[in-house]
There are 2 protein chains.
Amino acid sequence: MTEKTALGVSSQDLPACPVETTLKLIGNKWEVLVLRDLMPGTKRFGELKQSIGGVSQKVLTAKLREMEASGLVERHVYAEVPPRVEYSLTPLGRSLKPVLDSLEQWGTAYKKKVAATVR
Amino acid sequence: MTEKTALGVSSQDLPACPVETTLKLIGNKWEVLVLRDLMPGTKRFGELKQSIGGVSQKVLTAKLREMEASGLVERHVYAEVPPRVEYSLTPLGRSLKPVLDSLEQWGTAYKKKVAATVR
DNA sequence: CCGTATCCTGTTCGATACTG
DNA sequence: CAGTATCGAACAGGATACGG
């Protein structure tokens with residue numbers, strides 16, 4: 001128990017292939033977008049829902065819970081009225097920045113290429 | 001219709017966010033694994049099916065067709081008996097190597113971390 | 001060997017309504 | 001505001017059988 005990463009995760013549960021291991025944690029569209037939108041910093045639930053766009057409350061809640069269990073996301077509840085709940089990335093979550101960056105870089109280059117092909 | 005990358009892809013069809021654009025093309029587990037296994041070079045359909053593991057023929061065929069339509073994969077049919085069909089990455093497909101690498105790197109580091117936590 | 005067609009299952013997800 | 005509960009639609013994906 002060195003630090004607070006993922007709770008009951010054992011090596012046996014993880015695929016042999018590192019790529020598949022990563023996909024197991026962020027292989028879902030919504031998870032990647034949560035990561036993207038929390039990378040700059042803390043956000044409230046409502047902000048997150050809006051910035052992601054097109055996600056239902058139910059699904060967003062479920063994904064945030066999963067990512068919390070994986071040790072990627074931290075949830076902070078403030079005992080106020082009306083209630084305020086803030087989400088942020090853990091160090092482990094922030095360590096995925098290179099992955100996000102590569103996705104963004106490729107997407108940018110691809111969009112440029114498509115735009116150039118059309119005209 | 002300038003060249004042979006992606007056929008009817010227009011800028012309007014793509015999400016504003018580059019990350020989402022990338023996800024639109026390889027946001028699926030199987031697509032990423034096809035990419036991983038074709039990155040070293042050409043493979044036959046059967047080889048691919050086996051090396052990916054756990055994918056059904058139907059789904060693999062469908063994903064390969066989609067990726068061909070996106071301009072990521074090339075399909076080469078040899079008129080032999082029994083038939084031989086080989087798949088390989090296009091330059092555009094190979095350009096995704098940095099993305100694959102970042103996924104692999106993170107997965108490797110994560111597995112190491114988990115292993116260290118257990119003992 | 002590679003691919004298609006059909007059927008059928010489980011899962012994912014959105015919509016809506018309701019609670020602290 | 002930030003959930004939870006429930007329902008039903010849509011889709012992904014496996015199994016099987018058949019065709020070129």
Side-chain angles (χ1 to χ4, degrees), chain A residues 13 15 17 19-20 23-38 41-70 72-89 93, chain B residues 13 15 17 19-20 22-38 41-70 72-89:
Chain A
D13 304 333
C17 168
V19 174
E20 288 183 64
L23 290 179
K24 194 151 183 156
L25 275 94
I26 56 160
N28 178 282
K29 174 186 176 182
W30 301 126
E31 290 161 349
V32 176
L33 296 184
V34 165
L35 230 46
R36 177 198 64 183
D37 288 353
L38 287 185
T42 299
K43 270 202 172 71
R44 298 183 56 162
F45 181 86
E47 295 178 274
L48 208 44
K49 176 163 169 14
Q50 195 163 17
S51 67
I52 289 179
V55 68
S56 68
Q57 196 172 30
K58 174 184 147 189
V59 170
L60 180 56
T61 302
K63 292 305 167 190
L64 285 169
R65 291 287 190 280
E66 288 174 31
M67 295 175 75
E68 195 189 355
S70 309
L72 298 177
V73 161
E74 256 178 359
R75 180 169 177 266
H76 203 307
V77 184
Y78 296 88
E80 302 175 354
V81 178
R84 185 168 106 247
V85 182
E86 294 191 339
Y87 291 90
S88 56
L89 295 184
Chain B
D13 304 333
C17 168
V19 174
E20 288 183 64
T22 307
L23 289 180
K24 195 152 182 156
L25 275 95
I26 54 160
N28 179 283
K29 172 185 177 181
W30 301 126
E31 289 160 350
V32 176
L33 296 184
V34 165
L35 230 47
R36 178 197 64 184
D37 288 354
L38 286 185
T42 300
K43 270 201 171 72
R44 298 184 56 163
F45 181 87
E47 295 180 275
L48 208 44
K49 178 162 168 16
Q50 197 163 17
S51 68
I52 289 180
V55 68
S56 68
Q57 195 173 32
K58 172 186 148 187
V59 170
L60 181 55
T61 303
K63 292 305 166 190
L64 286 169
R65 290 287 189 279
E66 287 174 33
M67 295 175 75
E68 195 188 357
S70 309
L72 297 177
V73 161
E74 257 177 359
R75 179 169 179 265
H76 203 305
V77 184
Y78 296 88
E80 304 175 355
V81 178
R84 184 167 106 247
V85 182
E86 293 190 339
Y87 291 91
S88 57
L89 295 184

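Chain identifiers are assigned alphabetically (A, B, ...) following the order of the sequence lines, protein sequences preceding nucleic acid strands; residue numbering begins at 1 within each chain.
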Would you say [N] has OP1 or OP2 under 4.0 Å from some side-chain N or O of [X]?
| X | N | answer |
| --- | --- | --- |
| R44(B) | dC1(C) | no |
| R84(B) | dG3(C) | no |
| R75(A) | dG3(D) | yes |

Could you list all N or O pairs between the protein and nucleotides 7-13 of chain C that sit under 3.5 Å apart?
residue, atom, partner, partner atom, Å
dC13(C), N4, K58(A), NZ, 2.9

Item to check | Qualifying residue, where the test is side chain to side chain contact (heavy atoms under 4.5 Å, CB included) with N28(A) and the options are K63(A), M67(A), E66(A) | outcome: K63(A)
Taking atom [atom2] of [N] as reference, at what distance in whole Å does atom [atom1] of [X] sit?
| X | N | atom1 | atom2 | answer |
| --- | --- | --- | --- | --- |
| L64(A) | dC1(D) | CG | C1' | 15 Å |
| L60(B) | dG3(C) | CG | C1' | 11 Å |
| E80(B) | dG3(C) | CD | C1' | 17 Å |
| R65(B) | dA5(C) | CZ | P | 11 Å |
| H76(A) | dA2(D) | NE2 | C1' | 16 Å |
| E86(B) | dC2(C) | CD | P | 9 Å |
| E31(B) | dA12(D) | CD | P | 10 Å |

Checklist outcome for this item: Checking dG3(D), dG20(C), dG3(C) against the side chain of Y87(B) (C-beta onward), the nearest is dG3(C)
Item to check | Rounded distance [0.5 Å steps], CG in L64(A) versus OH in Y87(A) | outcome: 5.0 Å
To check you understand the geometry: which heavy-atom pair defines the closest contact between [X] and [Y], and what is its length?
| X | Y | result |
| --- | --- | --- |
| I52(A) | V55(A) | CG2-CG1, 3.9 Å |
| Q57(B) | K49(B) | N-CE, 4.0 Å |
| P15(B) | K24(B) | CD-CD, 4.0 Å |

Checklist entry - When all nucleic acid strands are considered with a 4.0 Å heavy-atom cut-off, which category describes Q57(A): base, sugar-phosphate, or nothing? => result base
Checklist entry - Do L25(B) and E31(B) have side-chain heavy atoms sitting under 4.5 Å apart? => result no
Checklist entry - Quick check: are there more than 12 heavy atoms from other residues, nucleotides or ligands sitting under 6.0 Å from CD of E47(B)? => result yes
